[in-house]
Amino acid sequence: MHPMHCPHCGAVAMSHLDKASLGPMASRGCQSCGQSLSVRWSSVIALMPALFAIPFAVEMWPSNAAMLLAAIGVGASLALHARVPLVAR
């Protein structure tokens with residue numbers, strides 16, 4: 001099943017921005033069926049690129065390399081989180 005589809009109804013459950021705000025302790029309703037959805041605890045692994053990049057970027061601030069490193073870290077985390085499947089809560 002596609003990571004953006006609801007496990008209950010199979011329709012697209014929410015936008016990428018709404019899903020990016022989800023964590024294992026947060027839930028949001030499916031826009032089609034209204035069932036409560038969340039992501040697994042393993043989704044925390046998707047934060048690792050940002051957690052490694054941000055401290056180095058802060059240390060190098062204010063340089064172009066710092067901004068690029070921060071953007072790559074956050075972008076990689078968002079891309080990984082987009083692949084995390086939704087689960088019923």
Side-chain angles (χ1 to χ4, degrees):
M1 179 175 281
H2 190 274
M4 295 300 292
H5 290 183
C6 175
H8 295 288
C9 66
V12 175
M14 60 189 70
S15 69
H16 285 284
L17 184 60
D18 289 338
K19 186 176 176 201
S21 67
L22 283 180
M25 298 288 287
S27 64
R28 183 177 297 267
C30 172
Q31 66 185 7
S32 297
C33 68
Q35 294 289 328
S36 182
L37 303 172
S38 186
V39 291
R40 295 184 180 155
W41 280 97
S42 60
S43 67
V44 175
I45 295 170
L47 294 174
M48 291 300 176
L51 290 176
F52 286 122
I54 297 296
F56 289 111
V58 168
E59 197 64 35
M60 297 185 323
W61 199 260
S63 68
N64 290 339
M67 290 184 265
L68 180 63
L69 181 62
I72 289 171
V74 171
S77 288
L78 288 173
L80 288 172
H81 194 271
R83 297 185 55 122
V84 174
L86 293 169
V87 294
R89 290 281 181 216

* **Separation of Ser27 OG from Gln35 CD (nearest 0.5 Å)** =>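 Here the rounded value is 11.5 Å.
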* **Within residues 19-46 or reaching into it, pairs that qualify as salt bridge (charged side-chain N to carboxylate O under 4.0 Å, His left out) - sequence neighbours excluded** =>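 Salt bridge (charged side-chain N to carboxylate O under 4.0 Å, His left out) check on residues 19-46 returns Asp18-Arg28.
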* To do: With rounding to the nearest 0.5 Å, note down the distance linking OG in Ser32 to NE2 in His5.
  =>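 Going from OG on Ser32 over to NE2 on His5, the span is 9.5 Å.
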Name every donor-acceptor pair, under 3.5 Å, that has one atom in a side chain of residues 71-89 and the other anywhere in the protein, sequence neighbours excluded.
| from | atom 1 | to | atom 2 | distance (Å) |
| --- | --- | --- | --- | --- |
| Ser77 | OG | Ala46 | O | 3.0 |
| Ser77 | OG | Ala50 | N | 3.0 |
| Ser77 | OG | Gly73 | O | 3.3 |
| His81 | NE2 | Leu22 | O | 3.3 |
| Arg89 | NE | Ser38 | OG | 3.4 |
| Arg89 | NH2 | Val39 | O | 2.8 |

* Joint cluster assignment, Phe52 & Leu47, ILVMFWY side-chain distance < 4.5 Å ->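 Yes, one cluster joins them.
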* To do: Show your working on side chain to side chain contact (heavy atoms under 4.5 Å, CB included) between His8 and Leu37 and close with a plain yes or no.
  => CA-CA 9 Å; His8 295 288; Leu37 303 172; 4.0 Å; yes
